[in-house]
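On a predicted model such as this, the values are computed, not experimentally measured, just so you know.
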Amino acid sequence: MELLIAIAIGLLTGCGVLLILRGRTFAVMLGLTMLSYAVNLFIFVSGGLTAGAGAVLGASEQYADPLPQALVLTAIVIGFAMTAFLVVLAIRARAELGHDEVDLQKPNTRGGA
Amino acid sequence: MALLLPWILSIPLFSIVILLLFRQLSRNQQTLIALLAPIAGLLLLAPMIPDLLQGAVFQQQWQWLPVLGLQWTFRLDALALLFSFLIFGIGLLVIFYARYYLSASDPMPRFYASLLLFMLAMLGIVLSGNVLQLWMFWELTSISSFLLISYWSHRSDARKGARLALTVTAAGGLALLVGLILLGQVAGSYQLDVILSKGPQIIADAQYPLILVLILLGAFTKSAQFPFHFWLPNAMAAPTPVSAYLHSATMVKAGIFLLIRLYPAIAGTDLWFSLVSLAGLLTLLTGAYFALFQHDIKGLLAYSTISHLGLITLLLGLDTDLATVAAIFHIINHAVFKASLFMAAGIIDHETGSRDMRKINGLWHFMPVTASLAMVAAASMAGVPLLNGFLSKEMFFSQTLHQSVLGALSWLLPLLATLAAVFSVAYSARFIHDVFFNGKPIGLDKIPHEPPRYMRVPMEVLVALCIGVGVFPQWLVGDILLAASTAALQQTPPAYSLALWHGLNLPLLMSVVAFVAGIVLYINRKELFLFQAGFQSTLAIHRFEGQVQRLVQRCRQFSQWAEPGRLQWYIAAMLWATVLLAGYPLLQLNSLQGERGLLPTDWFSAVLVVIMVLAAMATVIWQRQRLLALIMISVVGLMLSLLFIRFSAPDLALTQLAVEVATAVLLMLALYFLPHRSPKQSAHATLLRDLILAGSCAIVVGSLAYLMLTHQADSVSSYFLANAKSGGGGTNVVNVILVDFRGFDTFGEITVLGIAALGIYKLLTGIPRFKPSADADGRSWALDAHPLLLRVVSQGLLPLALLVSVYLFFRGHNLPGGGFVAGLVTAVALIMQYIAHGVDWVKPRLNLQFSALVASGILIAWLTGAFSWLFGKPFLTSWFDYFDIPLLGQIELASAIAFDLGVYLTVVGSTLLILANLGKLTTRHKPEHRGQI
């Protein structure tokens, strides 16, 4: 199982990086979301994989590591806020500039939808 | 009496504040307020004088950063008293003088405030009993000097001169800081008393040469010693009162003061001899030589100042106790006559409109009183008997005779000293003859006349002092000189006599030779001027400006190279660096496999993972069809939350699920405003390059993950598991960590959440209107924006969802749930109403100020934390207890619930603030012609 999860984390990261490197803001947003999935999963499994336990006292024999879970829980919510901030930046940029390109250096390839 | 010391420093500050607050006061009132500082300072010093002359040291100390050895220490001894006298006394005269010098258009408060700031800084240096504190005031003099030189900021020479002065003195200041830190480390304390008593130990230390060089760098740059002298002539762009005060009497003496102050600690070695005396000698000669060739009166005075500073430095370098006495004496004398000469230059500039000695001639006929005063002061500068300059110059000559600095060539020194004196006489003669005699003025804009009566008063005082000290030295300055020298040397200096007449001796002969030769030199100046004109001279300021321009250009080139304005470039560079840094250690390992037992693969998890990975890849492949990509990425999120459940994290699964809904809504809204498809644009080469980078990232991160997963590591988690119930009163350890153990982190996180939401709110206000009226294929938006089915279902769902969120909230402390999840569920339920019914329908029914909700959430969380202060406990100390309530049974009350309420409100407020505001835009910008395709 560990191998599978590690491969999944790697592939999510790769997909996220590829999307971030695209030239349009929407792809960058998707990429960041994907990367935060990868990172959250990475941090979450840093406590080791535990099946059928949970971190509620008295509910099971052994417990999952609660600390990474607490870290990831806030990371998910803040990740949402940051994605939202990026989305609004992109919208504002589109509204001000008339296009949704990430780089300003290539005026010749500029163009909307 | 030591308690008075801080007041001496505070009074200038007080005057500064008054001056800057009440700018509409008349010029006389402003002058009066500025004068208050030096007058009060002198009055405060007065009662301490008798004790100080007896060798007393007053000290006042407060703790500041004791860990760094930094104490506020004010220390007043006779040496500091002497310098305080100079600073206050000449400051007083300069302030008075400036009242008449500055024209009506010059902003007076700014001038006086900067001048007083400088006065404060200078006093700070003199009165510091801690070398780090001294350094801070040292830098403050550089800054205030910059402000004063650039006072006429509309003039380019003022700006350039100020920049040059700041660059040189501040660079020296940095060297000094390092030197002082090393000095403090060697001495074991930054307190001046300790350092002064540890002289032999410091000199014996291996770091002594480095310390000495660094401290000398600071002192030499400040005191314009060769080869750092070039900033001083360019600082003459300052208003003349500033030149009189900073660049002759006080600031340039700061470097020399530092050398005298630290004399017992760092002087007395061969290195000191050679460095200090050589720098002094070169400065003395170059200054005197170049002074003769200046056509600007202030330029002449500036080079003369450099030369005299060199003389003082040379005396210190001779390293005998008597030479130090002579140095201190010359500091007093030079300050007095040079300040009065600058004031004369200012008056001449003021009354003729020029400072060029080729134009201003024969002023004797226009301003005889000023001319007489200036001539006396200039004679003092030349070292004419009966004037103060003569006395210290004689002392200097006799010291050069009694030294062996240059070994067998030591006879050279009196010769060179006499040579410098020859030039000194020559430039003094030029100052007198060229300005006040030598024919008639040439091409002046106005007819010169005597200045206003009171503008001359400061000069009269100073010239009277020149004569007074020259005739009755022992009576006027004998006591303070002795006391200051004793304080500087930390021991009584050998006997000396401050008399006018010492009999026919060698120093007197040297004076006579210098005087005669100087006059002869001046008479034959034409040849010398021609000789000097043969040199190609580039001005230091032009070289400096050239360097600055080159530096700016280099920086621009570098930043253009490093910062091409391409986000993709930055990200790629950052990621490559990360890959290399993280990948390199992996190469050092033999195997990724660790000792930890592996979890067997079950088909359910495997299917989840495979779907997740496939959906992620589909997102990449279909990224140009944006709606499709959005759906695919939601699948990834959904699979992730299922994985969270599978691996024992129900809290995470709940949160992820709720966030997934909110993200989907968010991205849908984004698609309304953004193009729905991306054009194909990446060249194949770019794609390949990105694929290689993405692949490298995937390999490194995946390997790291596997490495981590298969190794057992000690974790702090067992502490949380053991203490959650007993310390936090809850059984859901994740929630207890969030609201209790790491409550402060959570508090920070909800603050970030609130700030992000407010930032988004701000970004969305005033956004330019644009109205996509149809989708990418030209289809217009759905006519039925709010379908009936959705309306009915969502309305029915609302109370249920709210109930669920309340349930999640309250059980959160003991079972999966909590403020974050409950907040997200509530927010999603409310967002559903917006989607189903539209903003116009929701607004009257849900009249909530979302930003207020965010604020109240953060406030509640903070108050919960602050509440523990009432009981003398640290911020966010938690409390819980169990109560028996009839009918309900045993109930637990915990402060964490209140904190979680804050979290809940912030999450609800932030999410709605983001999504509702974004959604509102779509309504406001609704296509105008509905129904027409």
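- If you measure heavy-atom distances from A:Leu19 to chain B, the contacts under 4.5 Å come from the side chain alone.
- The local environment of OH in B:Tyr719 is sparse, with at most 12 non-hydrogen atoms from other residues, nucleotides or ligands closer than 6.0 Å.
- Residue-environment remark: CE (A:Met82) exceeds the threshold of 12 foreign heavy atoms within 6.0 Å.
- Only the side chain of A:Phe44 comes within contact range of chain B, with at least one heavy atom under 4.5 Å from a heavy atom of that chain.
- Within the 4.5 angstrom heavy-atom criterion, only side-chain atoms of A:Val87, from C-beta onward, approach chain B.
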request  = Take B:Met708 and A:Ile9 through the side-chain contact (heavy atoms from CB on, under 4.5 Å) test and state the conclusion after the steps.
outcome  = CA-CA 12 Å; B:Met708 187 177 69; A:Ile9 292 174; over 6 Å; no

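- Partners of B:Ser641 under the side chain to side chain donor-acceptor pair (under 3.5 Å) rule, at least two apart in sequence or in another chain, do not exist in this structure.
- The shortest side-chain heavy-atom distance between B:Phe647 and A:Ile5 falls under the 4.5 Å cut-off.
- Note on residues 754-764 of chain B: no pairs pass side chain to side chain donor-acceptor pair (under 3.5 Å), not counting sequence neighbours.
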ask   = When you look at B:Leu599 and A:Glu2, which way does the side-chain contact (heavy atoms from CB on, under 4.5 Å) test go after all the steps?
value = CA-CA 7 Å; B:Leu599 205 67; A:Glu2 274 81 359; 3.8 Å; yes

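- The backbone N or O of B:Val733 lies less than 3.5 Å from no partner atom in the side chain of A:Gln69, so there is not a single donor-acceptor pair.
- In this structure, the portions of A:Met34 lying under 4.5 Å from any heavy atom of chain B include both its backbone and its side chain.
- Only the side chain of B:Val716 has a heavy atom closer than 4.5 Å to any heavy atom of chain A.
- Residue contact with chain A, scored on non-hydrogen atoms closer than 4.5 Å, involves the side chain of B:Phe720 exclusively.
- Looking at A:Leu89, the atoms closer than 4.5 Å to chain B (heavy atoms on both sides) sit in the backbone and in the side chain alike.
- Using a 4.5 Å cut-off between heavy atoms, B:Ile750 makes no contact with chain A at all.
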